[in-house]
Amino acid sequence: SAERAMAQLDGPKLTKKDKVEYCLANGSEDFIVKYKMKGLVKNLVKSLNALQIDKAYDELVNGPAREAAANAANAAAALEKEAAGKEAADLLAEQKAAHAEIKAAEEAAKAAAAVRAERMEDSSW
C-alpha cells in the first residue's frame, strides 16, 4: 500500500491536492508547521499557491536524498583534507630527514678534512 501510494505520487500529473495530502500524511509536525499546512486539505489547496505546495512536497520527497548527498560530499572533502594533511606531514618528515642527512654528511666531511689536515701537519715534520 505504501508502494502503491508512492507509485501513484510518482506519476507526472500530481494535483495540488495530491501533494498536500502526501505532505500531511508523511510530514512531521515541524514540517507541517514550517510549510503552514495545518488545516483541512480543501482549505490548504485554496490558500497555498502551487509554488508553496511544490516546495514543501519537493523537500519531503527529495530532501533526504539531498541531505545524504551533501553529507557524502562533506565526508569526501574531509577525507581529501586529511589525506592532504598527511601527505604534507610525510613530505615535511622526508625534508627533515634529508636535511639531517646533509648535515651529517657535512659534519663527516669536516671531520675527514680535519683528520687530513692533521696528517699533513704530522707528515711535514
Novice: Within the 4.5 Å heavy-atom criterion, are Leu14 and Tyr57 side-chain neighbours or not?
Specialist: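 Result yes, sub-4.5 Å side-chain heavy-atom pair found.
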Novice: Please name the pair of heavy atoms, one in Ala56 and one in Cys23, separated by the smallest distance, quoted to 0.1 Å.
Specialist: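 It is C-SG, 4.0 Å.
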Novice: How far does NZ of Lys34 sit from CD1 of Ile32, to the nearest 0.5 angstrom?
Specialist: 13.0 Å
Novice: Taking the side chain as C-beta and beyond, is there a heavy-atom pair between Glu107 and Lys110 under 4.5 Å?
Specialist: yes
Novice: Supply the atom-to-atom distance Glu59 CD to Glu67 CD, rounded to the nearest 0.5 angstrom.
Specialist: 9.5 Å
Novice: Scan the side chains in residues 82-89 for donor-acceptor partners under 3.5 Å anywhere in the protein, sequence neighbours excluded, and list what turns up.
Specialist:
residue	atom	partner	partner atom	Å
Lys86	NZ	Asp90	OD2	3.3

Novice: Pairs in or reaching into residues 23-54: which pass ring-ring contact (aromatic ring centres under 6.0 Å, His included), with residues at least two apart or in two chains?
Specialist: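 Output for this query lists Phe31-Tyr35.
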Novice: Distance-only criterion, 3.5 Å: show the donor-acceptor pairs between side-chain atoms of residues 36-55 and protein atoms not counting sequence neighbours.
Specialist:
residue	atom	partner	partner atom	Å
Lys38	NZ	Glu29	OE2	2.5
Ser47	OG	Asn43	O	3.1
Asn49	OD1	Leu51	N	3.0
Asn49	OD1	Gln52	N	2.8
Gln52	OE1	Asn49	N	2.8
Asp54	OD1	Lys19	NZ	2.5

Novice: Is the side chain of Asp18 donor-acceptor paired with the backbone N or O of Thr15 at a distance under 3.5 Å, no angle test?
Specialist: yes
